[in-house]
Every structure is written in C-alpha cells, then in structure tokens.
Amino acid sequence: MKLNRKDILGIQELSVEEIDLILETADSFIEVSTREIKKVPTLRGKTVINLFYEASTRTRTSFEIAAKRLSADTINISASTSSVVKGETLIDTAKNLEAMNPDIIVIRHSAAGAPHMLAGILRQSIINAGDGAHEHPTQALLDMMTIRAKKGGIAGLKVAIVGDIAHSRVARSNIHGLTKMGAQVCVSGPATMIPRGIEKMGVVVHMRIEEAIRDADIIMMLRIQTEREKQNIFPSLREYAQYFSLNRKNIGFARKDVLIMHPGPINRGVEISPDLADGPHSIILDQVTNGVAVRMALLYLLTGGSN
Amino acid sequence: MTILLKGGRVVDPSRKVDGTGDLLIENGKIAGIGGGLQQTGKGRGKGVPPGMEILDLRGKIVVPGLIDMHTHLREPGFEYRETIASGSEAAVAGGFTSVACMPNTNPVNDNRSVTEFIRRKAAECGLANVYPIAAISLKSEGALLCEYWDLKDAGAIGFSDDGRPVMNAALMRRALEYASSLDMPVIAHCEDRNLSAGGMMHEGFVSTEIGLPGIPGIAEEVMVARDILLAEYTGAHLHIAHVSTAGAVRLIREAKARGVRITAETAPHYFTLTDEAVRTFDTATKVYPPLRGAEDRDAVREGLRDGTIDVIASDHAPHARTDKEVEFDFAASGITGLETSLALSLRLVEEGLLTLPELIEKMTVNAARILRIPKGTLADGADADITVIDPQREWTVDRGLFRSRGKNTPFHNWTLKGKAVLTIVGGEIRCRDC
C-alpha cells in the first residue's frame, strides 16, 4: 500500500488506514537505528530541506537523522525571525528553495497555516513540523506509535492530556489521531488553557488533573510556556506546579500500569515531577526514539515508497 | 445632458415608490418620474428634445444611486492599495454613486487639509461623490479631539475611529457630545483591543480546531454596550460600524427599543460567510471584525430583517498582494467590497429575507439620513444620482477584473446574480454596462 498524498499537513485529514500505514512502516524502520551501520540507501539522491522558522532541537534533529539514515541529503535552514521580519516573504523563500529541486520540504513555523500555504504553491512534498497552535502531525504519529508499541493498540485506551491545550499543536494533533484510532481522550488544565468548544473535537474536559487522570492508561503532559504568565493564562509557575503538575501524589489516581508521555522539552518540577519523568512509568525517551522511525516512514512514503 | 430612463421598475424607498415608470434627467437633476414621459416632456408640452438619450430599461430596476457609507480609499498614504481615483472607479462599477471614506489614511484625516485634499482629488476624477469621514481624535491616537467644526466646514460628514477603536471611554463621551452639537454622527468601530489582542479570527470552534488565536464576540459587544450607554447619556447620535455578532445585534435592538439615538450597519461578508471560510487559511478571509460563527451570521441577518441594522455598507478595505500573500498571522485584514456588495446583498432578496425596497432602503436613503447628505432619493429636483440594476444578470466574480486595486476578496469565482448596469452621478453616466 502506498500513501496517496503529496503532503503531510495534519492528522485531521488523515484516515485511519493512512495512520495505520504510516505506523506500520515506522515499525519496520525501528530496526535501522539499532544497526551497527545505521544507514540504508532508500532515499539516496533525494534532498530534504528542514526549514525551521521556530526554535527546535528535537524535531529538527530527528528529521535530519531520519533523512540521513535513509541516505537523503539534508539541508537545515533556521530563521531566527519570521520571514516578514527578515524581509523576504515565506513564499519567496520557498520558491527559491523549490528552484533548487529538493524533494521534500519540512517546515516549522509560528503561524498556523504556513505549511498549507506552501503546499498549495510548491510542487515538492511539504511536511508540517509544527504550525503555530494548529498541528504537529509527526509528534502525534510518534506518540501513537509509542502507545501502540507499549500497549499493543490504541482503541479503548483512556488518554489524559494535561496542560495548555489552547496553545498546543501537540494536543490538537493527538486529539485528532487518538480519537480516530478509538481512544477515549480527556483534557485538563485551568479554564484559561481550555479552548472554546474543544468538546466538539470528541474529548471530555476536566477542571482538575485528578479527575482527568483517574483510571488513565496514558497521561500526556504538555509543556508550560512561561511567557503565558504575562498574558494571564496562569498566575504563577508556583501555583501551576502545585495544582496541575503530575506528581507522586496524584499519579495514584491513574491505572497501575499507566504510561507517562511528554513531547518535550520538559520543565522539570513544573508540569511533571523529576522522579516521574525519570521513573518506570515514563516513556518520554521512547517517544524520541520512535520519532526518528516515524519521520523515516514519512520521508519514505512521500517519495513513493510502499509497505 | 438629458436622459430618459424608460420602462424600468422604479424603486425609491425615500418616497415609498415601487412601480414601473419613466425617469427624466435634466441638467443633472431628476426632472420627473412617471409614465410616458417622452410624449409630454415632463408636462412641458415638448416632444423629444434633440440630444436626449432614451434608454429602454424594461426588466431593469431603477433606484436612487447607491451609497456606501463605509469605505477605505487609502489615499493619502497607501496609494499602492487604492487611490481615490481607483476607488471611485470601483464604486461606480459596483453601482455606488456616493461613498464615505474612513480617516485611517496617512496622514490621518484629522484636519481640514486632509479633508480638502480628499474632496479635491475626488472632484478631479469626477466619478462618485466622495464624503470624507474625519477622525475622532488627533492621529486617531485616542487622546485628544480634533477640530470638528473646522472639519465639518471642510466637508467631513461624520467622525470615526475605524480601525483604531477609542479605548478611552471619557474621550468617546466627549466626542459624542461635541459631535452632537454639530448634528453629526460618531461612527464607532466597536472592539475592545485588550480582548481582541493577538487575535486572527473569530474565537469559536473553528479557531479551536485550527489553532489560530481568537477574537471573541465579546470584544465587539462590550464596546457596543459601552458606546450605547454613552450615547444614551449624552443624547448624541451613535452609529455602530460593521456589526458582526449576535450579542451586538441584541444590544442595538434593545437600545433602539429604549429610544437611544443609535443606528447600525453591517457588511455583506458578515451575512454571507462564517468562520468556516477561514479553515483554508486563505488570507482573503482575514478581516476585522472577523467572520463570525453561524449563529452570529444568522443574528445579523435577522437584524437586517427586523430593522435593527439600518444600513449595508461594504467596509471596502483594499489591500495589495504584498499585504495578503503572507502567512495568515502577518496578513493585513480587510475585504475589497465595492464591486461585490450589491450582488451579495441582492441574495437577501432572492432568499426572501428582505423585499427589494427594504434592501434598497438600506443601501441608499438610510445611509443618507445617517450622514445627513442630500442623497438617496429620486424626488423631483434631487441630484440625478441613479443606479440601474439588472436583477437577472448572472456573473462570476473575477478579482482580476476589479477596478479596485484591491483584489482581496473571498468571493473570487462565486457566481452571483444581479449587477449594476448603469451608474449615473449628477446626471452623467459614469458607468455603462459595468
């Protein structure tokens, strides 16, 4: 089976079959990263450009490693400012890149919809590596891959996503993906972090973390961005940590075999206590490992590969 | 020039006229309305005078020249988006014989010389009547009043903070008081800038799903409520620009029932589109106030139907490609409206929401009364500003054919029905078969 689309812009538009295809392909790529020689010739002669308008360590590195393990040539472009501030428009930058004939452009941008704009203009495949608070599809795919690997499936699991849902592209992509795959998803955070009408995306809202994580199979903690304090999204890290962090005390509400996830980077002691982040329930680093495999799968499938 | 418009359906809500008839134009004025005018030469016993143009308008609708009381002509300062000349061309092409233009130019229209400049430029191009709306405060900074008497003498017909809402309630109070002594309206762009800060689109389920920062309806409504209270207190005439939410419609309806001197307008995109249109991230859908939810759109339509909303104005906001061909976050907000406003509004008649006279009233005489301009009527002796509409004409919106410099429309490629086919300003045909 082939992935019959030019771009990966979000989870919302992916079918269950497409998600299954991507995850199965990713499973088959896991092994490459465990070899002595961590490289296969699959994408030899292909060029992947990582166009990052927002800071990223994990995602950019992960895409680069994924491309290199498939023998593609990779180029990283980091713009510390938006294209507009820089003086060249995003469209002009993209058209210049297109003129150099790459095969795939991976873009991260602070503006929701930026990858969609490029997808409509460029002939290359576009992978959304995070657009504003909209979607972060590869994160959701690697999360789903990790859950499947650990729990044997996704359907029927109870997943709690806790934190600043309103500003989180990770939350949105995971809500789309997990509900599609049959999980029960609930979200929790102060009301300032819960966007209007989120229930219509198929999730249950809990005002307290204890209610959200009750009997949860999976707890997904989101990073708190400290700049939200100034926007009165929350009064202080101190209070947030006291009432919304995952810690030894409240983890008891979850199932005994609960798995703890976090898209990173972690604020230790804010949204999650360090002992839980490093403890036996944590699969945070498995997520990172699987991220490489998922991105290898997407690069492979978008350049015409089949499982 | 003498023109006889024969056999059209003449709709003049200012005098409750709706019937088939002829209309005679002489010396730039309406010289007669009735049946069989060419035989009688308006009762003067003359035949068809030489040089008289006779137009057979059977099947067409003859209405007072349309008035768009909310446009942005961008000049001075933003000529790359629109000029008074290109905006005037767009106006007459869209069937508008008069437009009022907002003061958010550069420099801001906050003094006599800018008002005079706009009027002089408009007179030079000689297409539509252009009525400048002056700023509420100097540089629209929301701090100090500008010289309202002087501006009125120079030709300004109202005061507005459009695009730069007045956050200072005390200033708004004084503006209303001061303007009321000149019998001029204050036109409020109702938006609490703290509540709307950072917003890109309507806050609702769509913004939740696509992750664009939202502008809640209450950002508009708290300011509508504030300004209604100020108008009630001062007794001044407040006009609410571009009403877009259900709550604003409700507040205005209640205020009118209490007898507050308040009028209101909305724009075609608010009764036609919803925030669903933003899902594509098409920057042509970015506008302030934003395209709202379906319940808001329905409330705006109901407000038009029951008379809460007096006027349809385009909020014509032309932008250059460079303003719009960027990320949604960075795109300028606004929709080019002069050339689609009439056809989008005629849909309300087609759908049975408004009768044709009710619609024409909202696009002519109501705006004229709010702005106290001697327009919007086909009365004998009135300026011969006339729009002829072909209600059956189907056409496809092609932004490339816009006379406006702004091609920023979310209605590109829409098939619409009804079009201005003749625009007469002061007795002169300014657009034929537009």
- [ ] Hey, could you give me the CG/CD distance between A:Leu90 and B:Glu325, rounded to the nearest 0.5 Å?
- [x] 12.0 Å
TODO: Could you look at A:Met201 and say if it's the side chain, the backbone, both or neither that has a heavy atom under 4.5 Å from chain B?
DONE: both
Open item on the list: I'd like to know if the side chain of B:Thr208 and the backbone of A:Gly197 have a donor-acceptor N/O pair within less than 3.5 Å.
Closed with: no
- [ ] Examine whether an atom of A:His167 lies under 4.5 Å from a heavy atom of chain B, and if so say whether it belongs to the side chain, the backbone or both; otherwise answer neither.
- [x] neither
Task: Residue pair A:Ala112 / B:Gly211: nearest heavy atoms and the distance that separates them - done: CB-O, 4.2 Å
Open item on the list: For the NE2 atom of A:His116 and the CD1 atom of B:Ile210, what is their distance to the nearest 0.5 Å?
Closed with: 8.5 Å
Task: Within 6.0 Å of CZ in B:Arg321, more than 12 heavy atoms from elsewhere - done: no
Task: Toward chain A, the part of B:Phe281 with a non-hydrogen atom under 4.5 Å - done: side chain
Task: Between A:His176, A:Arg196, A:Glu135, A:Gln12, the one whose heavy-atom pairs under 4.5 Å with chain B are most numerous - done: A:Arg196
Task: Contacting region of B:Thr280 [heavy-atom separation from chain A under 4.5 Å] - done: neither
Task: Side chain / backbone / both / neither for A:Arg172 at chain B, heavy atoms under 4.5 Å - done: side chain
Task: A:Lys6, NZ: over 12 other non-hydrogen atoms inside 6.0 angstrom - done: yes
- [ ] Mind checking the CD-CZ spacing from A:Glu199 to B:Phe205? Nearest 0.5 Å is all I need.
- [x] 9.5 Å
Task: Sub-4.5 Å side-chain heavy-atom contact between B:Glu209 and A:Lys200 - done: no
Open item on the list: Tell me if the NZ atom of B:Lys407 is crowded by more than 12 foreign heavy atoms within 6.0 Å.
Closed with: yes
Open item on the list: Counting only heavy atoms not in A:Arg208 (residues, nucleotides, ligands), do more than 12 fall under 6.0 Å from its CZ?
Closed with: no
Open item on the list: Nearest 0.5 Å, please: how far is CG in A:Asp131 from CD in B:Glu327?
Closed with: 11.0 Å
TODO: Check the surroundings of atom CZ in B:Arg193: do more than 12 heavy atoms from other residues, nucleotides or ligands lie under 6.0 Å from it?
DONE: yes
Open item on the list: With a 4.5 angstrom heavy-atom cut-off, is it the side chain or the backbone of A:Gln231 that approaches chain B, or both, or neither?
Closed with: neither
Open item on the list: Looking at A:Asn4, I want to see if its CG is surrounded by more than 12 non-hydrogen atoms of other residues, nucleotides or ligands under 6.0 Å.
Closed with: no
